[in-house]
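Each remark here refers to the structure printed beneath this line.
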Amino acid sequence: MTTRSSFKAAVATAVEALKATWSDYALVVEYDNRLIVDTQSQTNPFLCVHIYYVGGEQASLGQATKHHRVYGSLVLSAAVKEGAGDEKANDLLQHFYPSLHMTTIDGARTWGAVPSKERAHRGWVYYPVVIPFDFDNIS
């Protein structure tokens, strides 16, 4: 059964496996509310991984087993220093998202990645890719 905790752990495991194959520099990955990157001392581009839950619905009627479908987005954001261009961000995203979208992670179905508008924050520019997902929580 997929749960919020099991999905989060499975995403982290998948990202860490991909990180192990990254060889350009010692990559730092920031996760939801932990392992926050210190942008004052960070010099290399880094990756942010966030899971957002956006909805849910009843997915079965009148059955002894209840199906609750949960919807969300896995957001990967490549962060590069402002003024550095987007090439390194694109390289980072291209390394990670193809293995995480249009697949199954811990029973969750991930859909095709959708690039989103970049945003600047405290001297860094974040280039996000949004990967919608859903899973059934069965009880």
Over 12 non-hydrogen atoms of neighbours within 6.0 angstrom of CD in Q40: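 No.
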
Using a cut-off of 6.0 Å, state whether more than 12 heavy atoms not belonging to W124 lie near its atom CH2.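 For W124, atom CH2 is crowded (more than 12 foreign heavy atoms under 6.0 Å).
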
Return the set of residues passing side chain to side chain contact (heavy atoms under 4.5 Å, CB included) with T3 (not counting sequence neighbours), or none when no residue passes.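 With neighbours one apart ignored, the set is M1, S5, S6.
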
With sequence neighbours excluded, what pairs up with A84 under the side chain to side chain contact (heavy atoms under 4.5 Å, CB included) test?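 With neighbours one apart ignored, the set is K81.
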
At what distance, to the nearest 0.5 angstrom, does [atom1] of [X] lie from [atom2] of [Y]?
X	Y	atom1	atom2	answer
S77	R119	OG	CZ	6.5 Å
K8	H50	NZ	NE2	10.5 Å
T13	L18	OG1	CG	11.0 Å

Hey, could you give me each pair passing salt bridge (Lys or Arg N to Asp or Glu O under 4.0 Å) that has a residue in residues 90-112? Not counting sequence neighbours.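 Sorted pair list: R109-D134, R109-D136.
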
In terms of hydrophobic clustering (I, L, V, M, F, W, Y; side-chain heavy atoms under 4.5 Å; direct or indirect links), are [X] and [Y] co-clustered?
X	Y	value
L92	Y97	yes
L76	V29	yes
L47	Y127	yes

Exam field: side chain [X] to backbone [Y], donor-acceptor pair closer than 3.5 Å:
X	Y	answer
T110	T103	yes
Q42	N44	yes
E30	V37	yes

Evaluate the side chain to side chain contact (heavy atoms under 4.5 Å, CB included) criterion for residues H121 and Y126: first the C-alpha distance (whole Å), next the side-chain angles of each, then the deciding distance (0.1 Å), finally the verdict. CA-CA 8 Å; H121 181 68; Y126 294 77; 3.9 Å; yes

Any idea which heavy atoms bring [X] and [Y] closest together, and the distance?
X	Y	answer
A108	T2	N-OG1, 4.1 Å
V80	A89	CG1-N, 3.7 Å
S73	F133	N-CE2, 3.2 Å
L27	K19	O-CE, 3.0 Å
P128	V75	CB-CG1, 4.1 Å
I131	H101	CG2-CB, 3.8 Å

Find out whether V11 and I105 are in side-chain contact, i.e. whether some heavy atom of one side chain is under 4.5 Å from a heavy atom of the other.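 Result yes, sub-4.5 Å side-chain heavy-atom pair found.
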
Close side-chain approach of V129 to F96, heavy-atom, < 4.5 Å: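 They are not in side-chain contact.
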
Can you list everything that forms a ring pair (Phe, Tyr, Trp, His ring centres under 6.0 Å) with [X]? Sequence neighbours excluded, please.
X	value
Y71	none
W22	Y25, H95
Y31	none

CA sep, side-chain torsions, deciding dist, call: L74, V49, side chain to side chain contact (heavy atoms under 4.5 Å, CB included): CA-CA 7 Å; L74 169 61; V49 179; 3.8 Å; yes

When you look at H68 and N137, which way does the side chain to side chain donor-acceptor pair (under 3.5 Å) test go after all the steps? CA-CA 5 Å; H68 177 235; N137 194 334; 5.3 Å; no

Would a line drawn from the ring center of F7 to the ring center of Y53 be shorter than 6.0 Å?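 Centroid distance F7-Y53: not below 6.0 Å, so no.
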
